[in-house]
*Asks:* 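Supplied in structure tokens, the structure appears directly below.
Only heavy atoms go into these numbers, but all of them, side chains included; no hydrogens, no water, no symmetry mates. Below, chain A is the first sequence line, B the second, and so on; all start at residue 1. As the structure is a computational prediction, the values presented were derived from the model and not from experiment.
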Amino acid sequence: MTDSYELLPDRYNATDVEERWQQIWERERAFLGATISRDGHDTVRSERPKSYVLEMLPYPSGEIHMGHVKNYTMGDVIAHHRRRCGAAVFHPMGYDAFGLPAENAAIRSGEHPSVVTQRNIARIRVQLQRLGFAIDWDTEISTADPEYYRWTQWIFVKMFERGLVERREAAVNWCPVDQTVLANEQVLDGRCERCGTDVELRQLTQWFLRITDYAQDLLDDMALLEDWPERVLAMQRNWIGRSEGARVMFSTEDGDHEIPVFTTRPDTLFGATFFLLAPEHPLLGTLVEGRPESSAVMSYARAAARASLAERSATDKPKSGVFTGRYVINPINGAQIPVWVADYVLMDYGTGAIMAVPGHDERDFAFAQQHGLPVRRVVAGPEDAADTPLVEAAYVGPGRMVNSEFLNGLEIAEAKGAAATWLSEHGIGEATVGYRLRDWLISRQRYWGVPIPIVHCPNCGPVAVPDTQLPVLLPEVDDYAPKGQSPLATNAEFLAVSCPSCGADARRETDTMDTFVDSSWYYLRYTAPHLSSAPFERELADYWLPVDQYIGGVEHAVLHLLYARFFTKVLHDLGLVGFREPFARLFTQGMIYRDGAKMSKSKGNVVSPDEIVGQYGADTLRLYVLFMGPAADDIEWSDRGVVGARRFLDRLWSLTRAVGPGPLAPRPSAAALVGSPVSLELARRAEATIAKVSSDIGERFSFHTAIAAVQELVNACVRHQAENGSAEAHGPDVLRYAIQTAVSVLFPFAPHVTCELWESLGGERLWEVAWPTADAELLVRDQVTLVVQVNGKVRDRFEAAAGLEDDAVLALVRDRPKVIAALEGKEVIRDVVVPDRLVNFVVK
RNA sequence: GCCGGAGUGGCGGAACGGUAGACGCAAGGGACUUAAACUCCCUGGUCCUUCGGGGCGUGUGGGUUCGAUUCCCACCUCCGGCACCA
């Protein structure tokens, strides 16, 4: 029968091998056919445990880069491993196809954005296929497909109906280069996340999703996230920025207006010596109308409005402000305090107004110094008297209340509670919680995005487009260059519509949605990629979701990952899904650097995956990107390292060729190897490798150590072969078994070449072969290396039988010449024996 | 300032209280070759050495422990997030 197994070619030709297996996988539909919702078809769910393995979908900006390769290889390794462990694996792929880069490229080349996008998608698909990823291509989706964005619009409408969509005027971030507004999450250090331009603040009417309604849920449900990196959770916590405090109502001195403030220090209410309004505060104009201060105040407010975000949020500049000539009454003691306008007070946090307590707040202290306002102490630290003046700085440390009537003597924490109680009893405030998180601004004045499905009716106001009229198709326009208003507004036919509610002549909304909306629910659509009656079906969504393992870049910590969590919560509350979190486990991979910088075209330090695949093969590239170092760390690319990965595959190839064609060798039994310690050692190594690789992939995400373990096994095989020849003279063929084991567990990393080697070794369909489990009997060692320490320093080491009693070990150890020498003239006051490991003598 | 993460050979890194430096890269020596590349073998933290070994070594200083890269405390440095958020 040996004749039916073919001898491997003497050289490993990666291109031949990879093309061959990619064709076989395609022909056999090896990785297709996960259970998904299909129109009118019953779906049968697997009896096996499910596993949804997902990597963040690529943005089709041209081609994939090394970061994608690493991301998708990790997912592929996990998917392969779980599949072979018996799970029903779902591993889909799609494209985040709307967005500015495609549109900008289109503007440059004169092509339609959809043409550019289609071409990029086709290119990326080929690249992914060449890398041999085991993706369920039957479920491939594009967020720019009308059959997809129809449901993006549908979800938007559901949110609109639920009151989670709001159109309102606000000071919003405007990018003068991209000519569109941006969400808070898309502004980094006052600059546009995409193009780096300084962001301006503009007062505009825009569409918002009320993510702030879910601020507390987003915090609380972190408890449901089993295995998210601490830093991502920390970033989200920071971003949401919960702080406990109180809402307190102040009234103007004439009693005409009430102005609420939010404070985290209600305990210091007696220390409020002035009152500040944000320049955008809606009451500001009314308060100063007809007063001599009016023109100074209003021109200050206008100047603040013109400042860029960076100028406005600089913390090091002096605290500017203008007195309004008005006063408010501090409700706790009736004190009349002056009202100023100051640009360090932000309209979109709290209420846009604050009570200033210069004695115990650094910013208020600086403002008071600047403008000669009184400072009043209401907290005394351990060293302070009630009347110790505050001249240098505000006191923000612990202490007891002073100069605060009924709060005097209380600790700060007690005083906060007492003040809140007093406020609610008197109906002028209550304990409350503030969040840093802002509502999600989703409208964009750009072409290549999902049209917001709203009709503006002169009678009914904004009306949602009914389900039956979805999708609102992205219209053709002559010019999609950004002009500060949406290019959709130039299409008269698109614009004119009758109101779905009253039939009157109306006008369509012309803004498109932020592309982060598209990617906030794509992981659900994969479960029903072709379904025409609904975005997905709850039953199957509940079956596959939450995603068991999500993998992507940490740069989405407060963007995509926060938005997707928000969407899932909304869909849950709409009764559309039965879970509250989309991604149970998250792994964030590190970036790949080169020459100390992120790879980018402008720096000219890009290594193209295609080049490496062409030169060394996809398997080498896959192996190398995971061998580089811990998957979570940022790592420097090394051209030499790639060569090392290829060398390893070459060595495995020659070794496999040397033992000749199949059939597969059975796992040897420990008993059969009793007479051959060398073979027993090799068999043991094979079992140890199985155990190591299984836990490194399955539990630790430590891919580089898994690969190193296989390398050790292969090295041992090479040595064994050099010393003992390719075939066992008698007894079980342990070398063959060890090579098979290496090939089998290396499969998730380098699937093509291992399938080829496996076939030559006499096996078939390696992707379906059950993942091996280590033989416990073989793993047990009969010989161990014992280490002898004296006062914790290693003095001797030797081989001994395993499982010896402590007394027997001590007897052996005391006879060792090195030990005798090391203990010479010393008194042993204690000995510690760790079975099968070491002996430590404590001496004087 | 607050919150997270990390500091180990020439380099990427390994070791989840028990042999520090697995695996790989680069380097040096050797074999093969007319030569070179490829490949294979050997060496390799550092200092001392009578070549048997010995001292010192995981950012710094303490602590816990028979024993600490690992646990605890303080500090230093680097990376990331937040930051006029009341």
Side-chain angles (χ1 to χ4, degrees), chain A residues 188-189 229-243 245 261-265 268 272 276 278 312-317 319 342-346 348-357 360-364 366-367 396 434-438 554-555 557-558 590 623-624 627-630 632-645 647-648 650-651 654 692 700 702 704-715 718-719 722 785-797 817-818 821 829-834 836-843:
Chain A
L188 302 173
D189 296 325
E230 191 47 50
R231 64 175 168 160
V232 174
L233 296 176
M235 276 189 238
Q236 293 207 351
R237 259 185 236 112
N238 272 343
W239 192 257
I240 294 167
R242 181 183 202 272
S243 46
V261 301
F262 173 72
T263 177
T264 55
R265 296 293 302 273
T268 62
L276 298 173
R312 181 77 189 269
S313 57
T315 56
D316 45 3
K317 61 169 187 181
K319 297 235 169 328
D343 68 358
Y344 79 88
V345 180
L346 308 175
D348 55 0
Y349 183 78
T351 61
I354 63 168
M355 63 177 213
V357 183
H360 307 285
D361 180 282
E362 284 163 15
R363 298 151 301 178
D364 297 348
F367 191 88
V396 293
Y435 299 91
R436 207 195 69 96
L437 184 70
R438 308 289 201 265
V554 74
E555 65 274 16
V558 291
L623 200 59
Y624 177 62
F627 185 62
M628 289 171 84
D633 292 5
D634 293 343
I635 307 255
E636 177 91 12
W637 174 269
S638 153
D639 292 327
R640 297 295 319 174
V642 185
V643 179
R647 271 208 286 261
F648 166 62
D650 282 332
R651 234 170 336 132
S654 336
K692 171 84 175 146
R700 301 198 328 147
S702 182
H704 65 308
T705 53
I707 294 166
V710 181
Q711 290 179 337
E712 280 188 74
L713 178 59
V714 170
N715 290 346
V718 169
R719 246 175 286 126
T785 304
L786 284 180
V787 169
V788 187
Q789 297 181 334
V790 176
N791 285 346
K793 289 186 195 249
V794 178
R795 289 292 173 238
D796 193 16
R797 62 190 60 159
K818 284 183 187 170
I829 36 182
R830 189 177 159 187
D831 51 61
V832 180
V833 180
V834 182
D836 290 347
R837 285 212 106 116
L838 65 66
V839 176
N840 187 16
F841 291 109
V842 185
V843 304

*Asks:* When you compare B:U70 with B:G17, how far apart are their P atoms, in angstrom units rounded to a whole number?
*Replies:* 11 Å

*Asks:* Expressed as a whole number of Å, how far does the C1' atom of B:G21 sit from that of B:A74?
*Replies:* 29 Å

*Asks:* Under 4.0 Å, heavy atoms only, any strand: does A:Val834 hit a base, just the sugar-phosphate, or nothing?
*Replies:* base

*Asks:* Looking for any heavy atom pair under 4.0 Å, which part of the strands does A:Lys793 touch: base, sugar-phosphate only, or nothing?
*Replies:* sugar-phosphate

*Asks:* Starting from the C-alpha separation in whole Å, work towards a yes-or-no answer on salt bridge (Lys or Arg N to Asp or Glu O under 4.0 Å) for A:Arg265 and A:Asp364.
*Replies:* CA-CA 13 Å; A:Arg265 296 293 302 273; A:Asp364 297 348; over 6 Å; no

*Asks:* Please check the phosphate of B:U19 (OP1 and OP2 only) for any side-chain N or O of A:Arg795 closer than 4.0 Å.
*Replies:* no

*Asks:* Could you tell me the Watson-Crick or G-U partner of B:C16, where both distances fall under 3.5 Å? Say none if there is no partner.
*Replies:* none

*Asks:* For B:C38 versus B:U33, give the span between their C1' atoms, rounded off to a whole number of Å.
*Replies:* 11 Å

*Asks:* Counting N and O atoms only, with roles assigned by atom type, does the side chain of A:Asn840 sit under 3.5 Å from a partner on the main chain of A:Gly792, one being a donor and the other an acceptor?
*Replies:* yes

*Asks:* If I take atom CG in residue A:Asp348 and atom P in nucleotide B:A83, what distance separates them, rounded to the nearest angstrom?
*Replies:* 12 Å

*Asks:* May I ask you to say what A:Val232 touches in the nucleic acid, namely base, sugar-phosphate or nothing, with a heavy-atom cut-off under 4.0 Å?
*Replies:* nothing

*Asks:* Roughly how far apart are A:His360 NE2 and A:Thr268 OG1, rounded to 0.5 Å?
*Replies:* 7.0 Å

*Asks:* Does any nucleotide pair with B:C82 by Watson-Crick or G-U wobble geometry, both distances under 3.5 Å, and what is it?
*Replies:* B:G1

*Asks:* Looking at A:Arg797, I'd like to know whether one of its side-chain N or O atoms comes within less than 4.0 Å of OP1 or OP2 on B:U19.
*Replies:* no

*Asks:* Looking at A:Ser243, I'd like to know whether one of its side-chain N or O atoms comes within less than 4.0 Å of OP1 or OP2 on B:A86.
*Replies:* yes

*Asks:* For B:A83 and A:Arg312 - does any side-chain N or O of the residue sit under 4.0 Å from the phosphate oxygens OP1/OP2?
*Replies:* no

*Asks:* Answer yes or no: side-chain N or O of A:Asn840 and base N or O of B:C66 forming a donor-acceptor pair under 3.5 Å.
*Replies:* yes

*Asks:* Rounded to whole angstrom, note down the C1' distance from B:U58 over to B:G45.
*Replies:* 11 Å

*Asks:* Taking atom P in both B:G7 and B:U69, compute the distance separating them and give it to the nearest angstrom.
*Replies:* 14 Å

*Asks:* Heavy atoms only, 4.0 Å cut-off, all strands: where does A:Asn791 land among base, sugar-phosphate and nothing?
*Replies:* nothing

*Asks:* Look at all strands and tell whether A:Ala353 reaches a base, only sugar-phosphate, or nothing, counting heavy atoms closer than 4.0 Å.
*Replies:* nothing

*Asks:* For A:Asn238 and B:G4, what is the distance between atoms CG and P respectively, to the nearest whole Å?
*Replies:* 9 Å

*Asks:* Between CE of A:Met628 and CD1 of A:Ile707, what distance do you get to the nearest 0.5 Å?
*Replies:* 11.5 Å

*Asks:* Distance between the P atoms of B:G63 and B:A15, in whole angstroms?
*Replies:* 29 Å

*Asks:* For A:Glu712, report the nucleic acid contact type (base, sugar-phosphate, nothing); a contact means any heavy atom under 4.0 Å.
*Replies:* sugar-phosphate

*Asks:* Once you apply the 3.5 Å cut-off to both distances, tell me the Watson-Crick or G-U wobble partner of B:G7, or none.
*Replies:* B:C76

*Asks:* For B:G28, give its Watson-Crick or G-U wobble partner with both distances under 3.5 Å, or none.
*Replies:* B:C42

*Asks:* So, is A:His704 near the phosphate of B:G12, with a side-chain N or O under 4.0 Å from OP1 or OP2?
*Replies:* no

*Asks:* Expressed as a whole number of Å, how far does the C1' atom of B:G9 sit from that of B:A22?
*Replies:* 14 Å

*Asks:* With rounding to whole Å, what would you report as the distance between B:A68 and B:C32 at their P atoms?
*Replies:* 50 Å

*Asks:* How is A:Leu838 classified with respect to the nucleic acid when contacts are heavy atoms under 4.0 Å: base, sugar-phosphate, or nothing?
*Replies:* base

*Asks:* Would you classify A:Pro630 as touching base, sugar-phosphate or nothing, given that sugar-phosphate means primed atoms plus P, OP1 and OP2, and contacts are heavy atoms under 4.0 Å?
*Replies:* sugar-phosphate

*Asks:* Between B:C66, B:C84, B:C82, spot the one nearest the side chain of A:Arg436, thanks.
*Replies:* B:C82

*Asks:* When you measure from the side-chain N and O atoms of A:Arg231 to the phosphate of B:C3, is any distance below 4.0 Å, counting only OP1 and OP2?
*Replies:* no

*Asks:* Mark yes or no for whether A:Tyr624, through its side chain, and A:Asp639, through its backbone, hold a donor-acceptor pair below 3.5 Å.
*Replies:* no

